[in-house]
Amino acid sequence: VRARESSAVGIAKAAFELCKSVVRMPQRQSIKTLLPDLQVAQHADGRPGRGGIGYFAPTLGGQFAGYVALDSRRASLNPALGALPAITADERALLVQAHREIRALNDACIGDLRTFEPKLSAAVDPYGTLGGDILRDSEVAAPPASLLLEEATVAAVAEAFQRSSLCDGIRAIPPAVRALFPPEKLSLAVDQLDVMLRRPNIGKQSDEFTAIAFQTSSSFPPRIALEYQAALVGLRSALRVLDQLVFQACYIDRLPALDSENLIKVDGPATSISERIVNVTIQPSGEMSHPKPGELAYFVHPRLGAPFNSLGEIISVRFEMSQETGSVIYLSLHLTDENLNPSPLYSSLARTKR
Amino acid sequence: VVLTVSDNRRNSLPEVRWIRTETPEVEQWRQLGQFRYSPNVRRYLNEHGLQPSPSGIEDYISGSVGQAEEYFRAAKIAPLDISPLLLYYGATSLLTGASALIRGYPLSINQHGMAISVPAGATRMSDVQVVVRNTSGGALREIAQVFGDPGDLPGQSRWSVGELLASLPDLKDDVRLCIPAVETYALRIDTIRKDLVDVDRIALGEFGTANIDTTLTRVVGFSHAYLSPQRVSEAIVLHRKFGVRPIGTESLSGQKVLQVAHDKSGVLCTPSQILAMLMALFALGFESRYNPTLWHPFAQTDATGERLLVERFLALTIRLLPSLVLSSVSQTWTRFTSEVIRPPRGLESLSEAELRSAVKEMVAEALR
C-alpha cells in the first residue's frame, strides 16, 4: 500500500483514478441500472426477474464479456440456459459498447509490446480464452464510442503499465528465450501457469518455483523462461484485475471491503514465492452478501492495519448456513501488489536474481 | 486503570485464574484474608507501584477486610431480620478496604451516597427504590470509581430493588418468576467453538417478551464487539468482530452474560454486579432496620411472595461479592473448582469436532 501511494505512476493508483472517473460518467447510470437488474431472480412484486443471466454470465467470461457471450451463443447453449430471459437489443448494445471499451483499454495498456512481440497480445489477453465469436460483424465494424472511459485517464493507466516492472521485465527477456515459445505454445504456457497460480494455497505446492528462485543463477535458461511466463501471466492478471475494477465501478460506487464490519476470522496474509493469500471468514452483509470468485474487495486487517491492507481478488467462496452458528462465508483472496498483480511469482524471481 | 470484572463497557474480561478447593466460600475469604495483615498489604502495594502510600493505609485496609469477613460470617447465620443489614455493612467494609488496596489511598467517605424512597402504595420489597445521591463523600460514588463507573449512577436516578436484582444474571430466573413485569437486564450466552472461532448464542427465551433488537441496542459496546445479530430457529447468533476484545460479564457458574443497560432519563446505565448488589443491600438493610411496617409481613409471613428471592439474593451475595472483589484485586477472573486442574496438553484441549476437522485437513493436504 505504501509503495502504491508513493508511486505517482503506479498501475494501481492510476487504475483507482480511472475508476473514479467511471463513477463520475453520466452514461454509467444506464449500466448501473442494468447490471443489478440482471441479478434479480424475482422482483418484489412477484414478476420473474432475469437473475439466471447474472448467474450464468460470469461462467462464460469475465465482466461484460460473459453477458455478451451468453446472448450471442444463446442458440447453441443447452436447453436450460437457452430458456433464460432475453436481453433487449438496446441492452445488448450497451453491454457490447462497454466490453469494447474495456478491450480498447487493454490494448492501450499493452501498448508497444504488441509491436515488440506481436504474439504477446493473444497471450496476455484476459479474454483470450473466450473465443472471437461473441461480437456480431456489425458490432465489430461499428466505430467505438466513449461511454465509460475518459481518454486522459486511460492514457495515464496505459503509461503506468508501460513503465511497470512487468513490461520492463518482458522487454528484458533475451530474444533467444522468447523464440522458444511459438505463438500457440506461448498462449498455452501462459494459460497453464495462470490457472495454476489462481488456485488457492498454491504456495504450499510451489517447491519447484522456490528451488528455481533460490538455487539457480539468473542466466539459467529455464529460469529465464519461467520469468518470461511469470511476467506474461502477471501482465494478463493485472489486466484482468483492471478490467474487473472498471466493471465493478460501473455498478457500485465503492469497492466492497473486508473489514471489522464483516470479518469473523482472518488467517494470513501468508506469502510464498508465488502467492500472497488471505483466508477469511465473514458474515454476509451489504456488498459482501453474495461474493463471487473473480470479484475484487479491499481487505482491511482490523488488527495489523495499513501495511497489510490490500486490494484482493476473490479466488474461492464457500457459503455455510446452520441453525447452530448462523450464516458465514469462507473466502480466499489473492492480494494484489502495486501493479495489480495478484501473484508475486514474477517479483519473487526478480528479487532473488544473483 | 482498574479492570472491573463486571462491566460491558470496559471490555475487560481478563484471564481466568482457577483455584482448586472443596469449599469456595471458605477459600475466597482465605485469599482475601491475607490482606488482614500488613506485610501482605505492603507487598501488594509495592508490586502494583502504589508506594509510597499515605500513613495508616495498612491498618485501614487490614481493618476493613477483617471487619468485612466477620460481618459476612455473622450474616450467614443471622435471621432474615438482620442479615441484609449485616451484609450491607460487610459489603461496604470490604469494598472500601479493597478500593484502598487497589488505588493506594483510603476513600474519603462520610455518608452512604444513596437514599431510600418507597413509592406511595408500594407493598412489595421489589418496589422499594434506591435514590442515588451524587454528593461528595458518598460511599456509593467512591466505590463506583473502583468497582464500576460513576457515570452509570446519575444523581437522583431511582433504582427499584426489583431491577437491581434483575441485573444479577444468577437471579434472572428467580426474578422472572417473582416479578414478571421486570425488564430484561441480563442475557445469558452459550458459546460454541467452531473452526477455532467462538460463536455466541442467546436463546430466544432470554429476551422474555422484550423486543430483541431494542434489547440488544441497550447492551453497551454491543455494536463495537459484534457483527449484526442473526436469528435462527431458537436463538440469536452473534459473531464476534475479529480483533475486538469480547464484552460481557460472568455469572457465578462462569457463564458469559451480556448486561442490558437501564434507561435512566435517557441515559443508558449498566452498573456492575458489585454496585447492583451494594445498592440492593442498602435498600433491604434500610427497610429491615427502619421500616418494620413493610419488612415484618414480608419476612415473617412472606406476604408478597418475595422472601425466597431475597434469601437467594443474600446467599448469592455471600458467595459472589467476595469472589468479584478478589477478581478485581487480582485482575483475573477468579473461579473455584473442586475438580483436578490440568494444564491444557495439546490435543486434549481440542474438541472432537476440532480434531476431526484437523485430521481431514491433514489428509486432504497429503493427497494434494
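Source: prediction; values computed, not measured. Numbers restart at 1 for each chain; the letters A, B, ... are given by sequence-line order, proteins then strands.
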- Leading residue by heavy atom contact count with chain B [cutoff under 4.5 Å; candidates A:Arg303, A:His301, A:Lys265, A:Gln323]: A:Gln323
- Note on the structure: In terms of heavy-atom pairs under 4.5 Å with chain B, the winner among A:Val266, A:Leu304, A:Val280 is A:Val266
- Message: Is there a side-chain contact between B:Ile236 and B:Gln230 in this structure, where contact means two heavy atoms from C-beta onward sitting under 4.5 Å apart?
- Response: no
- Do the side chains of A:Gln248 and A:Pro256 get nearer than 4.5 Å, heavy atoms only? yes
Part of [X] within contact of chain B (heavy atom distance under 4.5 Å):
X        : result
A:Val328 : side chain
A:Thr281 : neither
A:Ser285 : neither

- Are a donor atom and an acceptor atom from the side chains of B:Gln273 and B:Thr249 found within less than 3.5 Å of each other? yes
- Query: Are B:Thr214 and B:Thr217 close enough that a side-chain donor and a side-chain acceptor fall under 3.5 Å?
  - Reply: no
Interchain contact, [X] with chain A, by part (heavy-atom threshold 4.5 Å):
X        : result
B:Val232 : both
B:Leu227 : both
B:Asp200 : neither
B:Lys194 : side chain
B:Arg240 : backbone

- Task: Indicate the ring-plane relationship of B:Tyr226 and B:Phe222, choosing parallel, tilted or perpendicular according to the 30° and 60° boundaries.
- Result: tilted
- Query: Got a second to check how far B:Asp213's CG is from B:Ser228's OG, nearest 0.5 Å?
  - Reply: 10.0 Å
- Query: How long is the span from the CD1 atom in A:Ile315 to the CG atom in A:Asn279, to the nearest 0.5 Å?
  - Reply: 7.5 Å
